[in-house]
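Worksheet: one structure, shown below.
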Amino acid sequence: MVRIQLHGRFVVLVEGRPVEQRLPGRRGRALVAYLACRRRAVDRCVLADALCSSGTDLTALLSKVRAVLAPIEIVGRQSVQLVLPEGGLIDSAVAAEAAHRADAAAARGDWPEAWTHALSTLFVTQRPFLPDLHEPWVGEQREEVGRLHRRALTCYAEACLALATPTELASAERSARELVRAAPLDEKGHRLLMRALTGRGDRAEALRVYERLRRMLLDELGVGPGPETRAVHEEILR
């Protein structure tokens, strides 16, 4: 089994054994992490710039890393790519694929399937991305992870609302509140929260959520809620 974990503690497992401590220092770990999260061929100049390395230093670093990673390969000369053996997994790739499957299931109304895949994404993205690395590209990737996490939260909340059991409605409310905290001016999270509260029978709090959103949008942007949000509000009033 080969597995690379980028969320939480950085881990590289080869045949079930951790080998990340054998990599040549922080730059060795950064090299593997960069190629693993890109999951495609990367020009050597781009890679050297990301790692703040010269061409000669990068060549030596690649040689040392290759010796540690086998059977994981780093292939190519002008462009290099991390290649895992069949069955190998990278947690960020698993999360992205699960999010795609969740969205596809939601589009066809298969809410149990959407629930399952969205939750799979959240299991990964709720953990911090490479918390021990601080290179500029890591910060950019964290922003991308944040967007993926909110996308999965949205799908998960919608699936919970569709399933509509008391447990799932509570999960929808928690997810919607997290979305509101993460992006307070994004109306989608507020709409989901209003629907979850209404589903749980707390119509008064759902209306208060709308009023707080209305005031915030007016104060911050000088606009009122959009038509989709107003439609949810009107539905609650009815």
How does the hydrophobic cluster around Leu89 look, that is, which other residues are in it when side-chain heavy atoms under 4.5 Å mark a link?
-> Val94

From the list Arg151, Arg150, His149, side chain to side chain donor-acceptor pair (under 3.5 Å) with Thr125 holds only for His149

Residue pairs passing the ring-ring contact (aromatic ring centres under 6.0 Å, His included) test where at least one lies in residues 20-59, sequence neighbours excluded = Tyr34-Trp137

Could you state whether Leu221 and Leu218 fall into the same hydrophobic cluster, counting links through intermediate Ile, Leu, Val, Met, Phe, Trp or Tyr residues with side-chain heavy atoms under 4.5 angstrom apart?
-> no

Please write out which residues are connected to Leu148 in a hydrophobic cluster, directly or through intermediates, given that two of Ile, Leu, Val, Met, Phe, Trp, Tyr count as joined at side-chain heavy-atom separations below 4.5 angstrom.
-> none

Residues in side chain to side chain contact (heavy atoms under 4.5 Å, CB included) with Arg203, at least two apart?
-> Leu207, Ile236, Leu237

Under a single-linkage rule joining Ile, Leu, Val, Met, Phe, Trp and Tyr whose side-chain heavy atoms are separated by less than 4.5 Å, which residues share a cluster with Val75?
-> Val83

Would you say Ile72 and Pro85 make side-chain contact, with heavy atoms under 4.5 Å?
-> yes

Give the minimum heavy-atom separation between Pro184 and Met216, together with the two atoms involved.
-> O-CE, 2.8 Å

Considering all heavy atoms, the nearest Val14-Ala70 contact = CG1-O, 3.7 Å

Are Arg208 and Glu211 within salt-bridge range, i.e. N to O under 4.0 Å?
-> no

Taking atom CZ of Arg147 as the centre, does the number of heavy atoms from other residues, nucleotides or ligands within less than 6.0 Å exceed 12?
-> yes

Do the non-hydrogen side-chain atoms of Pro225 and His233 ever get within less than 4.5 Å of each other?
-> no

Who pairs with Ala231 by side chain to side chain contact (heavy atoms under 4.5 Å, CB included), at least two apart in sequence or on another chain?
-> none

Contacts satisfying side-chain hydrogen bond (donor to acceptor under 3.5 Å, both in side chains) that involve residues 183-193 (not counting sequence neighbours) are Glu158-Lys188, Glu187-Thr229, Arg191-Thr229

Is Arg174 salt-bridged to Glu178, cutoff N-O under 4.0 Å?
-> no

Do Val124 and Leu13 belong to the same hydrophobic cluster, where Ile, Leu, Val, Met, Phe, Trp and Tyr are linked whenever their side-chain heavy atoms lie under 4.5 Å apart, directly or via other members?
-> no

Do NZ/NE/NH1/NH2 and the carboxylate oxygens of Arg9 and Glu20 come within less than 4.0 Å?
-> yes

Go through the structure and list residues passing side chain to side chain contact (heavy atoms under 4.5 Å, CB included) with Ala41, not counting sequence neighbours.
-> Ser79, Gln81

Correct closest heavy-atom pair for Thr198 and Ala206 would be OG1-CB, 3.5 Å

What about Val46 and Leu62, same hydrophobic cluster or not, with Ile/Leu/Val/Met/Phe/Trp/Tyr joined at side-chain heavy-atom distances under 4.5 Å?
-> yes

Asp132/Arg29 salt bridge by N-O under 4.0 Å criterion | no

In short, ring-ring contact (aromatic ring centres under 6.0 Å, His included) pairs touching residues 1-29 with sequence neighbours left out are His7-Phe129

Could you pull out all residues at least two apart from Arg142 that satisfy salt bridge (charged side-chain N to carboxylate O under 4.0 Å, His left out)?
-> none

Basic-acidic side-chain contact under 4.0 Å: Glu205, Arg212 = yes

Residues joined to Leu163 in its hydrophobic cluster, side chain to side chain under 4.5 Å directly or through other members, sorted by chain and number, are Trp111, Trp115, Leu119, Leu122, Phe123, Leu153, Tyr156, Leu161, Leu169, Leu179, Leu192

So does Glu173 pair up with Arg200, basic N to acidic O under 4.0 Å?
-> yes

Common cluster, Val209/Leu185, ILVMFWY with side-chain heavy-atom separation under 4.5 Å = no

Please collect all ring-ring contact (aromatic ring centres under 6.0 Å, His included) contacts where either partner lies in residues 89-109, sequence neighbours excluded, each pair once.
-> none

Do Val232 and Leu213 belong to the same hydrophobic cluster, where Ile, Leu, Val, Met, Phe, Trp and Tyr are linked whenever their side-chain heavy atoms lie under 4.5 Å apart, directly or via other members?
-> no

